[in-house]
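Computed over heavy atoms, backbone and side chain alike; hydrogens, waters and symmetry mates excluded. The first residue of the sequence shown is numbered 1, and numbering continues consecutively from there.
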Amino acid sequence: MFLKERKILIGLTGGIACYKVPYLIRALRKHNVLVRVVMTRAATEFITPLTLETVSGHPVAVEMFESKELVGTRHIDLAQWPDLVVIAPTTANFLGKVASGICDDLLSTIMCATSKQVLIAPAMNPNMWTNPITQRNFKTLTDIGYLVVGPEEGEMACDQIGVGRMTEPEAIFEFINSYFKRTSKKKELEGKSIIITAGPTLEAIDPIRFISNHSSGKMGFALAEQARAMGAKVTLISGPTALNAPAGINTIAIESTADLRMAVKANFVNADCLIMAAAPSDYRPHKIHSSKIKRTNSDLTLELEPTDDILKEITSSRRKEQVVVGFALETDDAIANARRKLKKKNLDFIVLNQPSPDSGFGVDTNRVTVIAPRRKPVEWSLASKDEIARKMLELISKMF
């Protein structure tokens with residue numbers, strides 16, 4: 001077990017699943033975990049603070065301002081104290097409040113003030129769980145790094161059957177133990193500086209129009225978030241995408257291939273690794289018109305010129321210990337073309353994409369082939385881009 005003397009703050013919100021929480025607290029305390037409990041007023045309608053004080057061994061906090069105590073900074077003290085914050089049960093109402101930054105009671109204010117990892121255990125009626133607003137709020141929290149356990153499918157207190165049951169205390173306990181097991185290990189990329197590029201580039205034709213491609217940036221963003229989770233110092237250089245900048249990652253916004261080249265050169269000097277997941281344009285207009293090209297009945301011919309080959313330029317002067325990884329998207333003679341790119345650009349390995357409805361552009365999954373010098377290509381089956389990113393970074397960590 002990896003729980004001894006860990007500090008966990010447990011927050012209860014107003015759901016019938018509150019009755020399960022004492023069993024979780026007892027399991028944690030049996031493994032010498034220090035537990036503090038905060039309840040919303042609604043939670044006290046389902047289970048008494050006295051019950052939770054008894055099982056936790058400490059007073060339970062409910063009110064922001066207790067009349068008999070000096071607690072002006074209670075929310076800050078409780079926000080900074082734990083190693084992990086666990087909200088169980090997490091109601092639809094509380095999801096919405098936290099996702100919106102509302103701080104109207106002690107627990108929601110703690111959530112706004114804490115910088116510690118948060119684990120939520122959703123529990124609600126199946127219709128409330130599948131409501132698009134709830135799902136939007138849930139996605140907001142997971143996008144910024146909240147951990148989630150559940151909800152499960154089963155019979156509800158309202159006699160409905162569906163997804164919405166809070167995960168059982170034993171499973172939440174195992175999730176918490178696994179979390180501390182992961183975080184207690186030295187992270188694979190700790191101390192390494194990694195540059196990751198993502199998204200498309202735009203090459204202006206005139207003030208209105210441009211040349212670009214279908215890259216969504218999802219693969220590069222997944223790599224950035226996984227690299228951060230593995231302990232790396234990450235710089236994400238991204239072309240225009242619809243994605244939110246990942247929290248805690250230095251993100252540099254670029255537009256053209258020339259912008260990308262400048263940003264990569266400036267940041268790679270002191271980096272340990274470059275992962276070129278962006279899709280820079282191979283060509284740009286030879287001339288950028290200063291005003292909008294007006295429509296006529298005649299054909300329009302655009303003269304294009306090659307953009308800079310960023311990877312080839314970078315690898316021509318890199319230090320021996322620096323790792324450089326590229327991506328190749330091919331539709332014909334995929335393996336042969338990827339191998340040529342690998343050799344021409346002097347890469348440590350290249351990740352081959354072949355676009356399909358469930359892989360590549362715009363979707364959350366990918367199917368890739370990893371090609372390294374003097375090695376047989378290795379195919380990775382369809383998986384989430386997060387999973388692909390994690391496997392890539394584990395491969396890179398072994399190269400250092």
Colleague: Check this for me: does any side-chain nitrogen of one of E313 and R261 sit under 4.0 Å from a carboxylate oxygen of the other?
Modeller: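 Yes, this pair counts.
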Colleague: Are V118 and L147 packed together at the side-chain level, in the sense that at least one heavy-atom pair is separated by less than 4.5 angstrom?
Modeller: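 Side chain of V118 against side chain of L147, heavy atoms only: no contact under 4.5 Å found.
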Colleague: Over all heavy atoms of both residues, which pair between P285 and A204 is shortest? Give the atoms and the distance, please.
Modeller: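 Looking at all heavy atoms of both residues, the closest pair is CG-O, 3.2 Å.
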Colleague: Verify whether one side chain among T51 and T48 offers a donor that lies under 3.5 Å from an acceptor in the other.
Modeller: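 On atom types as modelled, these side chains qualify, holding a pair under 3.5 Å.
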Colleague: Among the clusters formed by ILVMFWY side chains lying less than 4.5 Å apart, do F94 and V163 turn up in the same one?
Modeller: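 Yes, one cluster joins them.
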Colleague: Going by side-chain heavy atoms closer than 4.5 Å, which hydrophobic residues are tied to I254, directly or by a chain of links?
Modeller: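 Direct or chained contacts put I254 with I195, I237, I252, L260, V264, F268, L274, M276, I310, L311, I314, V324, I335, L342, L347, I350, L352, I371.
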Colleague: I'd like to know if the side chain of S100 and the backbone of I102 have a donor-acceptor N/O pair within less than 3.5 Å.
Modeller: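 Between the backbone of I102 and the side chain of S100 there is no qualifying donor-acceptor contact (under 3.5 Å).
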Colleague: Any salt bridge linking R41 with E63? Criterion: basic side-chain nitrogen under 4.0 Å from a carboxylate oxygen.
Modeller: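 Between E63 and R41 there is a salt bridge, with a charged N closer than 4.0 Å to a carboxylate O.
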Colleague: Hey, any chance Y19 and L12 share a hydrophobic cluster, counting ILVMFWY side chains that come within less than 4.5 Å of each other, even indirectly?
Modeller: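 Looking at the clustering, L12 is in a separate group from Y19.
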Colleague: Quick one, L84 and Q117 - any side-chain contact, counting heavy atoms below 4.5 Å?
Modeller: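 Yes. Closest side-chain heavy atoms under 4.5 Å.
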Colleague: Is atom NE2 of H289 surrounded by more than 12 heavy atoms (other residues, nucleotides or ligands) closer than 6.0 Å?
Modeller: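 Count over threshold, so yes.
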Colleague: On the 0 to 90° scale, with breaks at 30° and 60°, tag the F138-W129 ring pair as parallel, tilted or perpendicular.
Modeller: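 Correct class here is perpendicular.
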Colleague: Judged by atom type as modelled, is there a donor-acceptor pair below 3.5 Å linking the side chain of T235 to the main-chain atoms of N250?
Modeller: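 No.
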Colleague: Which heavy atom in P357 sits nearest to a heavy atom in V363, and how many Å separate them?
Modeller: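 That would be O-CG1, 3.6 Å.
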Colleague: Does the pair E168/R165 count as a salt bridge with the N-to-O cut at 4.0 Å?
Modeller: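 Salt bridge present between E168 and R165.
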Colleague: Spell out, as yes or no, whether a donor-acceptor pair under 3.5 Å connects the side chain of T201 to the backbone of S256.
Modeller: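 Judged by distance alone, no pair lies under 3.5 Å.
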Colleague: Between S281 (side chain only) and R284 (backbone N and O only), is there a donor and an acceptor less than 3.5 Å apart?
Modeller: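 Between the backbone of R284 and the side chain of S281 there is no qualifying donor-acceptor contact (under 3.5 Å).
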Colleague: Going by distance alone, is a donor N or O of one side chain under 3.5 Å from an acceptor N or O of the other, for E387 and S384?
Modeller: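 Yes - a donor-acceptor pair under 3.5 Å links their side chains.
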Colleague: Any sub-3.5 Å donor-acceptor pair from S56's side-chain atoms to R36's backbone N or O?
Modeller: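 Judged by distance alone, no pair lies under 3.5 Å.
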Colleague: Once rounded to the nearest 0.5 Å, what's the spacing between atom NE2 of H31 and atom CZ of F173?
Modeller: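 Rounded to the nearest 0.5 Å, the NE2-CZ separation comes out at 4.0 Å.
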Colleague: If hydrophobic clusters are built by linking Ile, Leu, Val, Met, Phe, Trp and Tyr wherever their side-chain heavy atoms come under 4.5 Å apart, do V55 and L3 end up in the same one?
Modeller: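 Linked, V55 and L3 end up in one cluster.
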Colleague: Hey, is CZ on F400 packed in by over 12 heavy atoms from elsewhere, all under 6.0 Å?
Modeller: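 Counting neighbours around CZ of F400, more than 12 heavy atoms of other residues, nucleotides or ligands fall under 6.0 Å, so yes.
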Colleague: Would you find a donor on one side and an acceptor on the other, under 3.5 Å apart, between the side chain of N137 and the backbone of I133?
Modeller: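 The answer is yes, because a donor-acceptor pair under 3.5 Å joins these two groups.
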Colleague: Answer yes or no: are there more than 12 heavy-atom neighbours, outside N131 itself, under 6.0 Å from its atom CG?
Modeller: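 Buried by this count: over 12 neighbours within 6.0 Å.
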Colleague: Tell me the salt bridge (charged side-chain N to carboxylate O under 4.0 Å, His left out) pairs involving residues 202-223, sequence neighbours left out?
Modeller: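 Output for this query lists D206-R209, K218-D364.
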Colleague: Quick one: closest heavy-atom pair of T241 and G217, and the distance?
Modeller: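 Looks like CG2-CA, 4.2 Å.
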Colleague: Can any side-chain N or O of S108 pair as donor or acceptor with the backbone N or O of D105 at less than 3.5 Å?
Modeller: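 Such a contact is found between S108 side chain and D105 backbone.
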Colleague: From N366 CG over to Q354 CD, what is the distance, rounded to the nearest 0.5 angstrom?
Modeller: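 That separation rounds to 11.0 Å.
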Colleague: Is a donor on one side and an acceptor on the other found under 3.5 Å between the side chain of E53 and the backbone of V60?
Modeller: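 Pair found, side chain donor or acceptor close to backbone of V60.
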Colleague: Quick check on F175: does its CZ atom have over 12 non-hydrogen neighbours (other residues, nucleotides or ligands) under 6.0 Å away?
Modeller: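 Result for CZ/F175: enclosed.
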Colleague: Do M39 and I47 have side-chain heavy atoms sitting under 4.5 Å apart?
Modeller: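 Side-chain contact under 4.5 Å: yes.
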Colleague: What are the two closest non-hydrogen atoms of L236 and G220, and how far apart are they?
Modeller: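 Scanning both residues, the minimum pair turns out to be CD1-O, 4.1 Å.
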Colleague: Under a 3.5 Å distance rule, please check whether K341 uses its side chain to pair with a backbone N or O of F327 as donor and acceptor.
Modeller: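 Between the backbone of F327 and the side chain of K341 there is a qualifying donor-acceptor contact (under 3.5 Å).
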Colleague: If hydrophobic clusters are built by linking Ile, Leu, Val, Met, Phe, Trp and Tyr wherever their side-chain heavy atoms come under 4.5 Å apart, do F361 and F221 end up in the same one?
Modeller: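 Cluster IDs for F361 and F221 differ.
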Colleague: Are I10 and I25 close enough that some pair of their side-chain heavy atoms sits under 4.5 Å apart?
Modeller: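 With C-beta onward as the side chain, the pair touches.
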Colleague: Would you say that W81 contacts K116 through its side chain, given a criterion of any heavy-atom pair below 4.5 Å between the two side chains?
Modeller: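 A side-chain contact under 4.5 Å is absent here.
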Colleague: Taking C-beta and beyond as the side chain, do R390 and E225 meet within less than 4.5 Å on heavy atoms?
Modeller: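 Side-chain contact under 4.5 Å: no.
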